[in-house]
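Note that the structure is a prediction, hence the values are computed from the model and not measured. For reference, positions follow the sequence shown, starting with 1.
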Amino acid sequence: MLTLLAPQPESLWDESLPLEVKELPEDLAALDRLLSDPELLWPLVERWQQEFRETGRLVLTEGRPTIALETYVRLMVLKQRYRWGYRTLVAEVSDSIHLRRFCRIAQSERMPDESTVRKLTRRIGSETVSELTRTMIVKACREKRFRPRAVRIDSTVIEADVKYPTDAGLASSGVKVLAREGRKLVRLIRERKARVRDRSRAMGHKLRTITRTVRRRSGEAKQEVLKLTGETGELLERSIKEARRLAKIARGKARGRGARAKLKAAAALEEMADRCEKVARQIKQRVAGKPIKDRIVSLHDPDARPIRKGKLGKPNEFGYVSQLAEVTQRLGIRVQEAAFDGGFNVGPTNSALEDLYPKNVFIAGRQEPGSKRTTRRMRRYRTGAEGRISHLKRRYGLDRSRLKGDEGREIWTEWAILAYNADTLAVRER
C-alpha cells in the first residue's frame with residue numbers, strides 16, 4: 001500500500017529539547033523547504049499507478065504499507081549528498097536529531113531498515129527519479145522565472161563496482177561462484193552424487209604461478225602466462241559441465257512442495273554457468289591470438305564494458321559511457337545554443353535538434369559554426385561541462401556506480417543528478 005506523506009516528526013521527547021536543537025542547519029532548512037511541496041512526489045504516485053496497470057495488484061490501497069515516500073526521497077538525497085551506503089545512511093540518520101527531523105522521522109519512531117530503502121530504489125527505477133528531477137526544474141522555472149540560455153552535453157565514464165579484471169581472475173571467481181551456487185542447489189534437492197567440485201585450491205595455485213612468471217618480464221614469460229591462463233579456462237570448463245549437469249537433475253526433481261525454489265536455484269546456477277562459459281570462450285580466443293569483441297569483465301555485472309579513453313592516469317576503465325546534458329540558466333533568454341563534445345556525429349545530432357531551432361550548434365572538432373570569436377566562446381563554454389561532471393563525481397558519487405547492471409547505473413546516475421539539482425536550487429533560496 002502506498003504511503004506518500006510523512007507526519008510531522010513531533011513527539012513528547014521533542015518538548016524537552018532546546019529551540020536551537022529543533023532548528024535545522026541552514027543548508028538542510030533550504031532543502032527542507034524545497035522538498036516540502038507535495039507536487040514533487042506526484043511521479044511516485046504515477047509509478048504505483050503504472051504498477052497497478054501492469055500487474056493488476058491493488059498496490060495503491062492494499063497490502064503492507066510502504067515507508068512514507070516523502071521520507072524515502074529525503075533519505076536518498078542525503079545518501080547521494082554525503083556519499084553514504086545504505087547501512088551508513090540508516091545509522092547516521094538514526095543518531096542525528098537534525099537528520100531525523102529533515103527526513104520526517106520522530107525521535108520515538110523506528111528507523112526504516114536498510115534493506116527496505118535498497119529494495120525501494122530498485123522498485124522505483126530510474127525513469128521515476130528522472131521525472132522527479134524534471135518536476136523540480138519545472139517548478140523552479142515557474143516560481144523563480146528561470147529561462148534556459150544554452151545547453152551543453154558531454155560524455156563520461158561511470159565506473160562499475162568491480163576490481164581490475166583479468167581472464168585468470170575471472171576464471172577463479174567463476175569456479176568459486178559455481179561451487180557456491182552448486183552447494184545451495186544440492187541442499188535443496190538433497191542430491192548425494194552430483195555436485196560442482198570446488199576447484200579454488202587448484203585455481204589459486206595457477207594464479208600464484210602466473211604472478212611469479214609475470215615478474216620475469218621476458219618474452220618466454222609471456223608465452224608461459226598464456227599457457228597458464230589457458231589452463232585456468234580448462235578448470236573453469238570442468239566446473240561449467242558439472243553445474244549444467246546438476247541443474248538438469250534439479251529440474252527433474254522440481255515437483256511438489258518446494259518446486260519453485262528448486263527451479264529458481266537451478267536457473268541461477270545456469271545463468272552463472274552461461275556467464276562463465278563466456279569467460280572460458282574469451283580465454284580461448286586470447287590464447288589463440290584472436291580479437292575479443294564482446295569481452296565480459298565481471299561475473300556479477302555482465303553489462304560493464306572495458307573502455308579505453310586514452311587518459312594517462314587511467315588508460316583503461318571498466319563501466320559505462322553516459323551522456324550528461326547541462327542546461328544553464330539566465331533570466332529572460334531562451335535556448336539559442338547547444339555545445340557537444342567530439343564524440344557526437346554531425347548528421348544525427350543536427351537531426352535530433354531540428355525541433356529546437358538553436359542558433360548555434362557546436363560539436364568540438366567537427367562542427368564549429370560562426371566567427372572565430374563565436375567558436376572560441378563556444379569551445380570554452382563546452383569545456384565547462386567537464387568541470388560540472390568532475391563536481392558530480394567528487395561530490396555526489398557519480399564516479400562509480402554501486403548498483404549492478406546498466407539499469408543500476410541509470411538509477412545511480414539519476415539520484416546523483418536529483419541531489420545535485422536540489423542542492424543547486426536550495427542554495428539560490430538561501
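If you check the side chains of S96 and R100, you find no donor sitting under 3.5 Å from an acceptor. There is a side-chain donor-acceptor pair under 3.5 Å between R104 and S36. Donor-acceptor pairing under 3.5 Å is recorded for the side chains of R199 and S239. Judged by distance alone, the side chains of R134 and S130 do bring a donor and an acceptor atom under 3.5 Å apart. A side-chain donor-acceptor contact under 3.5 Å links K393 and T156. Donor-acceptor pairing under 3.5 Å is recorded for the side chains of Y420 and R388.
By the 6.0 Å contact criterion, CZ on R379 is enclosed, its count of non-hydrogen atoms from other residues, nucleotides or ligands being greater than 12. Crowding of R87 atom CZ: a count of heavy atoms from other residues, nucleotides or ligands under 6.0 Å not exceeding 12. Residue K253 qualifies as enclosed at atom NZ: its count of foreign heavy atoms under 6.0 Å is above 12. By the neighbour-count criterion of 12 heavy atoms within 6.0 Å, atom NE2 of H391 is densely surrounded, having more than that number from other residues, nucleotides or ligands. Taking a 6.0 Å sphere around CD of E109, one finds it holds more than 12 heavy atoms contributed by other residues, nucleotides or ligands. Crowding of K404 atom NZ: a count of heavy atoms from other residues, nucleotides or ligands under 6.0 Å exceeding 12.
Under the 4.0 Å criterion applied to side-chain N and carboxylate O atoms, R244 and E277 are assigned as salt-bridge partners. The pair K79-E114 does not meet the salt-bridge criterion, since no charged nitrogen lies less than 4.0 angstrom from a carboxylate oxygen. Under 4.0 Å is where a charged nitrogen must lie from a carboxylate oxygen, and between D161 and R400 at least one such pair does. Ion pairing between a basic and an acidic side chain is recognised when a charged N comes within 4.0 Å of a carboxylate O; E39 and K139 show no such pairing. Using a 4.0 Å cut-off between charged nitrogen and carboxylate oxygen, R83 and D399 count as a salt-bridge pair. Taking a cutoff of 4.0 Å between a charged side-chain nitrogen and a carboxylate oxygen, R47 and E51 qualify as a salt bridge. E46 has no carboxylate O lying under 4.0 Å from a charged side-chain N of R53, or vice versa, which leaves the two without a salt bridge. The pair E181-K184 counts as a salt bridge, with a side-chain nitrogen and a carboxylate oxygen less than 4.0 angstrom apart. A salt bridge is defined here as a Lys NZ or Arg NE, NH1 or NH2 lying under 4.0 Å from an Asp or Glu carboxylate O, and R195 with E242 fails to meet this definition. Salt bridge status for K119 with D113: absent, with no side-chain N to carboxylate O gap under 4.0 Å.
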Working note: L324 + T413, criterion side chain to side chain contact (heavy atoms under 4.5 Å, CB included); need CA distance, chi angles, decisive distance, verdict. CA-CA 9 Å; L324 301 180; T413 303; 4.1 Å; yes
Does the pair D341 and R382 meet the rule for a salt bridge (charged side-chain N to carboxylate O under 4.0 Å, His left out), with working shown? CA-CA 7 Å; D341 70 357; R382 189 213 64 81; 5.2 Å; no
Assess whether side-chain hydrogen bond (donor to acceptor under 3.5 Å, both in side chains) is satisfied between D294 and Q282, documenting all intermediate values. CA-CA 9 Å; D294 192 18; Q282 73 187 25; over 6 Å; no
Mind running side chain to side chain contact (heavy atoms under 4.5 Å, CB included) on I292 and R295 for me, showing each step along the way? CA-CA 6 Å; I292 304 173; R295 178 181 288 272; 2.9 Å; yes
Under the salt bridge (charged side-chain N to carboxylate O under 4.0 Å, His left out) rule, what do D301 and R409 come out as? Steps first, then yes or no, please. CA-CA 11 Å; D301 194 351; R409 187 266 312 170; over 6 Å; no
Chi angles and distances behind the side chain to side chain contact (heavy atoms under 4.5 Å, CB included) call for W48, L69: CA-CA 11 Å; W48 256 252; L69 294 186; 4.0 Å; yes
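Using a distance-only test at 3.5 Å, with no hydrogens or angles considered, no donor-acceptor pair links the side chain of S390 to the main chain of E386. At distances below 3.5 Å, not a single donor-acceptor pair connects side-chain atoms of R101 with backbone N or O atoms of L24. Between the side chain of T66 and the main chain of T3, a donor-acceptor pair closer than 3.5 Å is present. When atom types are taken as modelled, the side chain of T349 and the backbone of N345 share a donor-acceptor pair closer than 3.5 angstrom. Counting only distance, with no hydrogens or angles, the side chain of R255 and the backbone of G252 share a donor-acceptor pair below 3.5 Å. A donor-acceptor pair is defined here as one N or O able to donate and one able to accept, closer than 3.5 Å; such a pair exists between the side chain of R275 and the backbone of L299. D32 contributes no side-chain N or O that, together with a main-chain N or O of L28, makes up a donor-acceptor pair within less than 3.5 Å. Distance alone, capped at 3.5 Å, places no donor-acceptor pair between the E337 side chain and the N360 backbone. Between the side chain of D303 and the backbone N or O of G405 there is no donor-acceptor pair closer than 3.5 Å. Here the side chain of Q367 pairs a donor or acceptor atom with the backbone of V361 at under 3.5 angstrom.
In this structure, the ring of W415 has its center less than 6.0 angstrom from the ring center of Y72. Checked against the 6.0 Å centroid threshold, F362 and F340 do not count as a close aromatic pair.
Across all non-hydrogen atoms, the minimal contact from L188 to A265 is CD1-CB, 3.6 Å. Residues C103 and L78 share a closest heavy-atom pair of SG-CD1, 3.5 Å. Residues D154 and A385 share a closest heavy-atom pair of CB-CB, 4.1 Å. In terms of heavy-atom proximity, V175 sits nearest to S200 at CG1-N, 3.7 Å. For I296 against L170, the heavy-atom pair with the smallest separation is O-CD1, 3.3 Å. Across all their heavy atoms, V346 and I363 have their closest contact at CA-CD1, 3.9 Å.
When side chains are defined from C-beta on, K314 does not count as touching R308, because their heavy atoms never get closer than 4.5 Å. The shortest distance between side-chain heavy atoms of D167 and T232 does not fall below 4.5 Å. Y320 is not listed as a side-chain neighbour of V157, based on a closest heavy-atom distance of 4.5 Å or more. In this structure the side chain of V177 never reaches within 4.5 angstrom of the side chain of C276, judged on heavy atoms. Here the side chains of S401 and E159 are not in contact, with every heavy-atom distance at 4.5 Å or above.
Remark: T128 OG1 to R123 CZ distance equals 11.0 Å, nearest 0.5 Å. Expressed to the nearest 0.5 Å, how far CD1 of I417 lies from OG1 of T424 amounts to 11.5 Å. Note that the CD atom of E368 and the CZ atom of R376 stand 11.5 Å from one another [nearest 0.5 Å]. Atom CZ in R208 sits 12.0 Å away from atom CE in M203 (nearest 0.5 Å).
Seen from the ring of F102, R74 counts as a face-on cation partner, given the 6.0 Å and 45° thresholds.
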